[in-house]
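Here is the structure we will look at, set down as structure tokens.
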Amino acid sequence: DSGVTQTPKHLITATGQRVTLRCSPRSGDLSVYWYQQSLDQGLQFLIQYYNGEERAKGNILERFSAQQFPDLHSELNLSSLELGDSALYFCASSVEGAYTEAFFGQGTRLTVV
Amino acid sequence: TQLLEQSPQFLSIQEGENLTVYCNSSSVFSSLQWYRQEPGEGPVLLVTVVTGGEVKKLKRLTFQFGDARKDSSLHITAAQPGDTGLYLCAGVDGGSQGNLIFGKGTKLSVKP
């Protein structure tokens, strides 16, 4: 158990819909990362938050947004969903620093039908 | 943005064989991590290497960080079916504070 909790574990929704994925980081970790993993793309970095503020942005679509709340949990919002958004979405947390080591949740498997 | 390239992309071997997988970049990293991911699960941290030339051993796994801190290798001795998984290397992007970037991984299959 990494200490990072993601909910829900599975999500099936229709195209055009909006979903919210939730992540609770390890106790004491201020950084939260979101990654998308599909079969052909590997782990794609989406966005990072540190102590409530956006720290870095990767290949995140405009239809996607995220936030980190005062209690440090984070949510990833995906809207106007398309079939190609079907993937595993991982949240990771870390203690910030040059030797950043990420601890991953078990992921949310999103299926868009 | 710094890139990490891993090779080979796929590797299928018999139980008992040795293997080495590589993680290369044209950029310098302050540290590199290796993770293993099993199907349907999140990546799990195996090791962090920090110093150029550093070698770390974890049972049958040996990790090496290149002298210039641009590359790393993972050597597995006498592979077992339980070693099957996706091996990912990751490093902190020097152009962004704390952004952890990953290579695409090496998918290892060890057959009994």
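Sequence lines set the chain letters: A, B, ... in the order given, protein chains first and strands last, and positions in each chain run from 1.
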- Task: Counting only heavy atoms closer than 4.5 Å, note whether L88(B) contacts chain A via side chain, backbone, both or neither.
- Result: side chain
- Message: Do Y49(A) and L72(A) land in one hydrophobic cluster if side-chain heavy atoms of ILVMFWY residues count as linked below 4.5 Å?
- Response: no
- Could you look at Y50(A) and say if it's the side chain, the backbone, both or neither that has a heavy atom under 4.5 Å from chain B? neither
- To the nearest 0.5 Å, what is the distance between CD1 (I101(B)) and CZ (F45(A))? 10.0 Å
- Quick one: which of G42(A), A102(A), G58(A) has the most heavy-atom pairs under 4.5 Å with chain B, could you say? A102(A)
- Return yes when atom CZ of R109(A) has more than 12 non-hydrogen atoms of other residues, nucleotides or ligands closer than 6.0 Å, and no otherwise. no
- Query: What distance separates F90(A) CZ from E41(B) CD, expressed to the nearest 0.5 Å?
  - Reply: 8.0 Å
- Query: Mind checking whether L21(A) and V32(A) sit in one hydrophobic cluster, side chains of I, L, V, M, F, W, Y counted as touching below 4.5 Å?
  - Reply: yes
- Message: Hydrophobic clusters here meaning ILVMFWY residues chained together by side-chain heavy-atom distances under 4.5 Å, can you tell me if L78(A) and I60(A) are in one?
- Response: yes
- Message: Is it the case that over 12 heavy atoms from other parts of the model lie below 6.0 angstrom from the CD atom of E15(B)?
- Response: yes
- More than 12 heavy atoms of other groups within 6.0 Å of Q9(B) CD: no
- Drop me the distance from Q37(A)'s CD to F102(B)'s CZ, to the nearest 0.5 angstrom. 9.5 Å
- Message: Is any side-chain heavy atom of P43(B) closer than 4.5 Å to one of L43(A)?
- Response: yes
